[in-house]
Amino acid sequence: MTPPQQQLLIDAIQAYLARHPQAADSADGVARWWLVHGAAAPTRLQVEQALATMVRAGLLRRVDLPDGTVLFSCEAAPRH
C-alpha cells in the first residue's frame with residue numbers, strides 16, 4: 001500500500017474513534033464496522049498495516065487476548 005492510501009485509512013480510523021472514543025475491535029471488526037466501504041474496500045492486510053502503523057506511533061493500543069484475538073482501541077499505548 002502506498003503511503004497516501006495508508007494515510008487515508010489512518011484518517012478514517014481516527015475519524016471513527018473521534019466519534020466513538022470507547023471503541024475497541026479486531027482488525028476484522030475495524031474493516032467491517034469502522035470504515036466506510038465504497039467500490040475499493042481495503043483488504044484485511046491493508047487494514048492490519050494501517051493499525052500496526054498507528055500502534056507504532058502511539059495512536060492506538062493493541063491488546064492481545066488469551067484466545068489469540070487482538071483488539072485495537074483509541075486509548076494511546078503507554079510509553080516505556
Side-chain angles (χ1 to χ4, degrees):
M1 174 173 15
T2 65
Q5 292 171 318
Q6 186 176 64
Q7 189 59 52
L8 288 173
L9 276 177
I10 289 169
D11 292 345
I13 293 166
Q14 287 181 310
Y16 182 88
L17 289 170
R19 294 186 310 273
H20 308 281
Q22 301 300 317
D25 216 332
S26 66
D28 286 334
V30 170
R32 184 171 183 181
W33 301 109
W34 296 16
L35 302 172
V36 175
H37 298 294
T43 66
R44 178 185 168 125
L45 178 60
Q46 290 171 324
V47 171
E48 288 174 345
Q49 289 172 337
L51 292 169
T53 297
M54 294 177 76
V55 168
R56 282 191 304 274
L59 300 171
L60 286 181
R61 173 178 282 185
R62 175 190 163 122
V63 177
D64 296 283
L65 300 179
D67 69 357
T69 302
V70 178
L71 295 180
F72 298 91
S73 65
C74 69
E75 186 176 334
R79 297 283 181 185
H80 298 287

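Of the possible donor and acceptor atoms, none in the side chain of Q49 sits under 3.5 Å from a partner among the backbone N and O of Q6.
Contact detail for V47 and A31: the closest heavy-atom pair is CG2-CB, 3.9 Å.
Atom CG of L71 is separated from atom CG of L60 by 11.5 Å, given to the nearest 0.5 angstrom. Atom CD of E48 is separated from atom OG1 of T53 by 11.5 Å, given to the nearest 0.5 angstrom. Separation of atoms CZ (R62) and OG (S73) is listed at 12.0 Å; rounding is to 0.5 Å.
Linking ILVMFWY side-chain heavy atoms closer than 4.5 Å, directly or via other members, places L51 and L8 in two distinct hydrophobic clusters. Residues V63 and W34 are members of separate hydrophobic clusters, defined by side-chain heavy-atom contacts under 4.5 angstrom among Ile, Leu, Val, Met, Phe, Trp and Tyr.
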> Do D25 and F72 pass the side-chain contact (heavy atoms from CB on, under 4.5 Å) test, and can you show the C-alpha distance, the side-chain angles, and the key distance before you say yes or no?
Replying inline: CA-CA 5 Å; D25 216 332; F72 298 91; over 6 Å; no
> When you look at V70 and L65, which way does the side-chain contact (heavy atoms from CB on, under 4.5 Å) test go after all the steps?
Replying inline: CA-CA 6 Å; V70 178; L65 300 179; over 6 Å; no
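At least one side-chain heavy atom of L35 sits less than 4.5 Å from a side-chain heavy atom of P42.
In this view, R32 satisfies the side chain to side chain donor-acceptor pair (under 3.5 Å) rule with no residue, not counting sequence neighbours.
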Would you list the atom pairs, donor with acceptor, under 3.5 Å between side chains in residues 10-19 and any protein atom, with sequence neighbours excluded?
unit_1, atom_1, unit_2, atom_2, d
D11, OD1, Q7, NE2, 2.8
R19, NH1, A15, O, 3.2

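Residues S26 and D28 have side chains that never bring a donor and an acceptor to within less than 3.5 angstrom of each other.
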